[in-house]
Amino acid sequence: MTFADDAIAWYDQNARDLPWRQPTTSAWGVLVSEVMLQQTPVVRVEPAWHSWMARWPTPAALADDPPSEAIRMWGRLGYPRRAMRLHACAVAIVERHGGVVPDDLVQLLALPGVGTYTGRAVATFAYGQRHPVVDTNVRRVVCRAVQGKPDAGPATTSADLTAMAELLPPEDARAARASIAFMELGAIVCTARAPRCTICPFEEVCAWRRTGQDLPAGPSRKPQRYAGTDRQVRGLLLEVLRHATAPVPRQRLDLVWPDEVQRARALAGLVDDGLVEPLGANDFVLAGDGPSL
DNA sequence: TAAGCGTGGTC
DNA sequence: TGACCAAGCTT
């Protein structure tokens with residue numbers, strides 16, 4: 001048996017029943033799920049995914065609405081730039097690919113908001129191709145079980161892809177299943193904080209467990225502050241704009257944060273990022289809610 | 001390469 | 001309670 005075989009056998013018995021894993025789910029549905037899952041936990045994504053897919057079951061449907069609607073529907077999933085990019089992605093799919101999510105990895109990677117992980121995930125999970133798919137879970141599992149290291153540290157994309165590629169079975173379908181199995185293992189068993197080694201299919205062969213013990217050295221990624229940062233102010237500003245049904249006067253936005261300098265910087269950042277548009281001299285709207293559209 | 005980007009839950 | 005974490009991407 002190999003790591004991949006063990007992982008697949010475990011996955012067959014323990015996989016969560018998530019809607020985007022249904023065989024009937026479209027490539028668009030898979031793509032939407034992957035973007036939503038970038039840094040947002042499954043429990044929060046699931047209801048949002050259902051709402052999103054009910055409203056926009058195809059890229060063309062989303063492309064027909066303004067970005068502001070996508071930003072509103074995104075709700076509180078976080079990192080709302082993803083909503084904007086997903087909208088831009090839908091537009092690009094319509095323009096470049098006739099409304100069909102491409103199955104070619106290079107074309108996928110050229111889409112807005114689609115990076116190394118997401119492009120490979122769609123090619124693999126939606127189209128059944130054989131690619132190494134490495135997210136934070138896979139990185140952690142491979143580093144521990146195969147390489148015997150406590151944690152993977154910052155992403156080292158090229159090396160990670162190579163390491164995972166060596167574990168993939170030769171057949172496309174099993175390779176895809178191995179990738180999702182490694183991800184699920186990292187999410188459910190080989191977790192960052194308290195790995196449940198006693199129920200792990202790799203328990204007997206895990207290099208980390210054999211050689212060392214449990215000793216995750218430090219935080220696996222750089223600690224990120226939130227309170228008091230521009231990110232928090234952007235979030236507060238956007239929260240107001242999301243719920244607005246009419247252009248929002250600057251005076252209303254002034255209420256969300258006391259520091260004028262930081263507030264202005266955050267608002268300018270949202271405009272720069274294309275999430276917000278100034279309207280006239282004193283009002284603001286979500287991108288696409290302006291009269292220009 | 002590292003920093004910036006939301007939000008909420010856990011311990 | 002604050003630190004850490006959650007299917008990353010872009011610049």
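So that the names make sense, note that chain A is the first sequence line, chain B the second, and so on, each numbered from 1. Just so we're clear, the structure is a prediction, and the values are computed from it rather than from any experiment. Scope of the values below: all heavy atoms of this structure, side chains included, with no hydrogens, waters or symmetry mates.
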Can [X] and [Y] be counted as an ion pair, charged N to O under 4.0 angstrom?
{"X": "A/R209", "Y": "A/E204", "answer": "no"}
{"X": "A/D135", "Y": "A/R140", "answer": "no"}
{"X": "A/E203", "Y": "A/R210", "answer": "no"}

| Does the side chain of A/R225 get closer than 4.0 angstrom to OP1 or OP2 of C/dA3 through an N or O atom? |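 Yes, A/R225 has a side-chain N/O under 4.0 Å of OP1/OP2 on C/dA3.
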| field | C/dG8 phosphate, OP1 or OP2, under 4.0 Å from A/Y79 side-chain N/O | value |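 Negative; the distance criterion is not met.
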From [options], nucleotide with atom closest to [X] side chain:
{"X": "A/R76", "options": "B/dC5, C/dA7, B/dT7", "value": "B/dT7"}
{"X": "A/Q38", "options": "B/dC5, C/dA7, C/dC9", "value": "C/dC9"}
{"X": "A/R234", "options": "B/dC5, C/dG8, B/dT7", "value": "B/dC5"}
{"X": "A/R85", "options": "B/dT7, C/dT10, C/dA6", "value": "C/dT10"}
{"X": "A/D230", "options": "B/dC5, C/dA7, C/dG8", "value": "B/dC5"}
{"X": "A/R81", "options": "C/dA7, B/dC5, B/dT7", "value": "B/dC5"}

Heavy atoms within less than 4.0 Å of DNA chain C: which residues of [range] have one? Give them sorted by number.
{"range": "residues 103-130 of chain A", "answer": "A/P112, A/G113, A/V114, A/G115, A/T116, A/Y117, A/T118"}
{"range": "residues 11-36 of chain A", "answer": "A/R16, A/L18, A/W20, A/R21, A/E34"}
{"range": "residues 161-190 of chain A", "answer": "A/M183, A/A187"}

Looking at residues at least two apart in the chain, or sitting in another chain, which of them share a side chain to side chain contact (heavy atoms under 4.5 Å, CB included) with [X]?
{"X": "A/M53", "answer": "A/S26, A/W28, A/V32, A/W49"}
{"X": "A/A88", "answer": "A/P112"}
{"X": "A/Q13", "answer": "none"}

Whether the [X] and [Y] side chains hold a donor-acceptor pair (N or O, under 3.5 Å, no angle test) is what I'd like checked.
{"X": "A/Q38", "Y": "A/Y117", "answer": "no"}
{"X": "A/D17", "Y": "A/Q22", "answer": "yes"}
{"X": "A/T2", "Y": "A/D5", "answer": "yes"}
{"X": "A/T156", "Y": "A/R139", "answer": "no"}
{"X": "A/D230", "Y": "A/Q262", "answer": "yes"}

[X] [atom1] to [N] [atom2], straight-line distance once rounded to whole Å:
{"X": "A/R82", "N": "C/dA7", "atom1": "CZ", "atom2": "C1'", "answer": "10 Å"}
{"X": "A/R139", "N": "C/dC5", "atom1": "CZ", "atom2": "P", "answer": "13 Å"}
{"X": "A/N137", "N": "C/dA6", "atom1": "CG", "atom2": "P", "answer": "7 Å"}
{"X": "A/Q39", "N": "C/dC9", "atom1": "CD", "atom2": "P", "answer": "9 Å"}
{"X": "A/R231", "N": "C/dT10", "atom1": "CZ", "atom2": "P", "answer": "17 Å"}
{"X": "A/D272", "N": "B/dG4", "atom1": "CG", "atom2": "P", "answer": "15 Å"}
{"X": "A/L275", "N": "B/dG4", "atom1": "CG", "atom2": "P", "answer": "18 Å"}
{"X": "A/I71", "N": "B/dG6", "atom1": "CD1", "atom2": "C1'", "answer": "14 Å"}

| query | Using a cut-off of 4.0 Å on non-hydrogen atoms, how would the nucleic acid contact of A/L238 be classed: base, sugar-phosphate, or nothing? | reply |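 If one applies the 4.0 Å heavy-atom cut-off, A/L238 turns out to touch nothing in the nucleic acid.
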| query | With sugar-phosphate meaning primed atoms plus P, OP1 and OP2, does A/R265 contact a base, only sugar-phosphate, or nothing at under 4.0 Å between heavy atoms? | reply | nothing
| Aromatic rings A/W52 and A/W74: how do their planes relate, parallel, tilted or perpendicular, breaks at 30° and 60°? |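 It falls in the perpendicular class, over 60°.
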Can you check the distance between [N] and [M], where both ends of the measurement are the [atom1] atom (answer in whole Å)?
{"N": "C/dC4", "M": "B/dA3", "atom1": "P", "result": "16 Å"}
{"N": "C/dC9", "M": "B/dG8", "atom1": "P", "result": "23 Å"}
{"N": "B/dC11", "M": "C/dA7", "atom1": "P", "result": "15 Å"}

Could I get a table of every N or O pair under 3.5 Å where one atom is in the protein and the other is in nucleotides 9-11 of chain B?
residue, atom, partner, partner atom, Å
B/dT10, O2, A/R193, NH1, 3.3

| field | Any donor-acceptor N/O pair, A/D273 side chain to A/L275 backbone, under 3.5 Å | value | no
| task | Look at the side chain of A/T191 and the backbone N and O of A/A187, then say whether any donor-acceptor pair between them is shorter than 3.5 Å. | result |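 Absent.
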Contacts under 3.5 Å, N or O only, protein and nucleotides 1-3 of chain B:
residue, atom, partner, partner atom, Å
B/dA3, OP2, A/K222, NZ, 2.9

Let me have the donor-acceptor pairs involving side chains of residues 93-102 of chain A, under 3.5 Å, with sequence neighbours excluded, atom names and distances please.
residue, atom, partner, partner atom, Å
A/R96, NH1, A/A110, O, 3.3

| field | Set of side-chain hydrogen bond (donor to acceptor under 3.5 Å, both in side chains) partners for A/R44, sequence neighbours left out | value | none
| said: The criterion is ring-ring contact (aromatic ring centres under 6.0 Å, His included); which residues satisfy it with A/W10, sequence neighbours excluded? | reply: none
| Set of residues satisfying salt bridge (Lys or Arg N to Asp or Glu O under 4.0 Å) with respect to A/D64, sequence neighbours excluded | none
| request: Mark yes or no for a side-chain to base donor-acceptor pair under 3.5 Å between A/T40 and B/dG6, with no hydrogen or angle criteria applied. | output: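 Such a pair exists between side chain and base.
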